[in-house]
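Residue numbering restarts at 1 for every chain, and letters A, B, ... go by the order of the sequence lines.
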Protein chains: 2
Amino acid sequence: MTGRQDESLNKRIRTDISERILSGAWPPGHRIPFEHELMAAYGCSRMTVNKALAPLAEQGLIVRRRKAGTFVARPRIHSVVLDIPDIAAEVTARGEPYGYELLSRRVGRAGSSEMAELGLDAPVKVLALRCLHRASGRPFALEERLINLDAAPEAADVDFGETPPGGWLLGHVPWTQAEHRISAANPSRAIAGALGIETTTACLVLERQTWRGADRITHVRLFFPGEAYDLVARFAPRQEAAG
Amino acid sequence: MTGRQDESLNKRIRTDISERILSGAWPPGHRIPFEHELMAAYGCSRMTVNKALAPLAEQGLIVRRRKAGTFVARPRIHSVVLDIPDIAAEVTARGEPYGYELLSRRVGRAGSSEMAELGLDAPVKVLALRCLHRASGRPFALEERLINLDAAPEAADVDFGETPPGGWLLGHVPWTQAEHRISAANPSRAIAGALGIETTTACLVLERQTWRGADRITHVRLFFPGEAYDLVARFAPRQEAAG
DNA sequence: GAGTGGTCTAGACCACGTA
DNA sequence: ACGTGGTCTAGACCACTCA
């Protein structure tokens with residue numbers, strides 16, 4: 001079924017099986033060969049078969065029941081994996097020249113709306129940036145970013161005139177957790193002006209809040225004008241936890 | 001560090017390590033104990049340690065290099081897991097009464113734009129539905145759905161006047177693959193009318209294409225008005241495939 | 001060369017669910 | 001009672017890579 005040689009055996013068993021499931025050859029509910037049958041088929045030990053099947057069960061692609069056997073899971077739409085690329089990488093991947101421009105920069109105590117965005121109780125020192133990302137010269141995304149300088153003081157010394165803050169932060173400030181929020185909104189007058197669109201043009205809004213432990217590091221809100229941008233999600237087989 | 005007893009040992013090792021990484025105790029770049037050190041620490045065989053570490057490496061949470069050792073990966077934002085709930089469940093989860101209404105229903109050969117949406121070459125018989133989902137009586141989402149009747153002929157006999165097609169399809173037509181596309185758009189005049197909004201109001205648009213094997217089953221496009229709806233994604237540690 | 005991870009074996013015992 | 005998966009052991013050989 002496959003001609004791969006450079007792959008480990010347990011991975012080959014795994015891909016063989018998941019290919020059969022994803023292609024529909026083995027429909028939901030179909031019984032997968034027993035471990036001892038796979039041992040014989042691939043001429044390997046039971047441990048190797050198990051190392052192939054365990055991750056599939058954890059993914060939720062298959063369901064294993066003692067005595068009964070192993071079955072193709074019944075997929076449900078619950079969650080998908082969404083790729084959220086780095087803007088510069090995304091633009092260059094499209095074959096367009098990437099451009100970056102810092103529109104404004106301000107250091108100060110967080111105002112009440114900024115405190116709300118960073119989820120803070122007490123006003124802390126923040127760096128507030130507004131930047132424009134371009135593709136082939138045309139505005140591609142507007143970025144509004146807050147950086148908590150109590151959590152990431154090094155950021156105060158960086159000139160973000162040429163370096164997009166997202167890339168710098170990823171490289172310099174470790175983070176442990178993030179949350180994304182995706183919505184649609186009409187841009188404010190200022191944002192519309194920067195993007196060269198009307199306030200009636202729908203924008204995709206991507207918000208991201210990033211933590212290191214309990215500290216909020218940064219909050220970013222990206223406006224993508226109109227239908228110029230899509231987020232594409234591939235199918236994720238994860239469902240309920242498998243027994 | 002943990003008191004779990006009912007968990008398998010390899011899983012306990014795994015969660016111990018990922019907890020230390022996610023909590024920040026082991027920062028990116030930190031060297032994780034060698035396999036033989038973990039064997040000694042947990043009093044187990046190397047295979048068990050390996051079974052704990054291999055999935056972490058596959059996730060991209062750690063990076064393993066021969067001779068050098070195992071290290072905490074430098075996280076990059078690349079992909080997140082997005083929950084895309086069933087609309088009826090989502091509305092009721094918010095504590096609002098859910099309402100459903102079928103606006104139009106048509107059976108026929110696919111037109112050229114419908115063929116493009118379903119990704120078809122030849123015109124097939126399709127069922128085209130337009131439905132409105134309500135929360136507390138107010139329009140919550142407009143659904144435009146195409147069902148390929150060649151692939152799912154049972155759908156032709158269903159009265160979708162009371163049953164939302166999404167739920168029916170999930171329960172009756174197995175699928176193997178799906179793709180989502182998320183964008184923002186201004187609604188057409190017809191859609192704006194059905195949702196009771198202006199054509200200038202930004203909408204979040206969620207498109208989903210579903211396959212069974214090579215057959216396209218259904219295409220759905222959901223319009224959520226304005227900022228009434230968010231998609232929230234939790235952090236997913238998956239990054240590049242680890243060598 | 002020496003130490004690391006990558007992979008595999010041929011057993012073993014146990015838990016569980018069906019019969 | 002029996003057959004399945006769940007887990008683990010104590011080795012083994014290899015490939016890679018750093019010193």
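The side chain of B:Lys67 has C:dG3 as its nearest neighbour among D:dT4, C:dG3, D:dC8. You'll find that the side chain of B:Asn50 is closest to C:dT7, out of C:dT4, C:dT7, D:dT9.
In this structure, the CZ atom of B:Arg64 is 15 Å from the P atom of D:dT17, given to the nearest Å. Between the CD atom of B:Glu58 and the C1' atom of C:dG6 there is a distance of 13 Å, rounded to whole Å. Rounded to whole Å, atom C1' of D:dT17 lies 16 Å from atom CZ of B:Arg31. If you take CD of B:Glu35 and P of C:dG6, they are 7 Å apart, rounded to a whole angstrom. In this structure, CE of A:Met39 is placed 8 Å from P of C:dA10, rounded to the nearest angstrom. Atom NZ in B:Lys51 sits roughly 14 Å away from atom P in C:dT7 (whole-Å rounding).
In terms of phosphate contacts, B:Thr48 brings a side-chain nitrogen or oxygen within less than 4.0 Å of OP1 or OP2 of D:dT9. Note on A:Thr70: every side-chain N or O is 4.0 Å or more away from OP1 and OP2 of D:dT4. Neither OP1 nor OP2 of C:dC8 sits under 4.0 Å from any side-chain N or O of A:Ser45. For the OP1/OP2 pair of C:dT7 and a distance below 4.0 Å, the side-chain nitrogens and oxygens of A:Ser8 include at least one atom meeting the criterion. The side chain of A:His36 places an N or O atom within less than 4.0 Å of a non-bridging phosphate oxygen (OP1 or OP2) of D:dT4.
Of the charged side-chain nitrogens involved, none lies within less than 4.0 Å of a carboxylate oxygen, so that B:Arg64 and B:Glu58 do not count as a salt-bridged pair. In this structure, A:Arg14 does not pair ionically with A:Glu19, as no charged nitrogen and carboxylate oxygen lie closer than 4.0 Å.
Judged by the 6.0 Å distance and 45° axis criteria, B:Arg94 is not positioned over the aromatic ring of B:Tyr98.
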key: A:Tyr42/A:Val49 under side-chain contact (heavy atoms from CB on, under 4.5 Å): CA gap, chis, key distance, verdict   = CA-CA 9 Å; A:Tyr42 286 93; A:Val49 170; 5.8 Å; no
message = Set out, in order, the CA-CA distance, both residues' side-chain angles and the distance that settles side-chain contact (heavy atoms from CB on, under 4.5 Å) for B:Tyr100 and B:Glu143, then state yes or no.
response = CA-CA 11 Å; B:Tyr100 167 77; B:Glu143 174 173 349; 5.5 Å; no
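Using a 4.0 Å heavy-atom cutoff across all strands shown, B:Leu53 reaches no nucleic acid atom at all.
Comparing A:Asn10 and A:Arg65, the nucleotide of DNA chain C nearest to each residue sits closer to the 5' end for A:Asn10. The residue among A:Arg66 and B:Ala68 whose nearest nucleotide of DNA chain C lies closer to the 5′ end is B:Ala68.
Residue side chain B:Arg46 reaches the base of C:dG5 through a donor-acceptor N/O pair under 3.5 Å, judged by distance alone.
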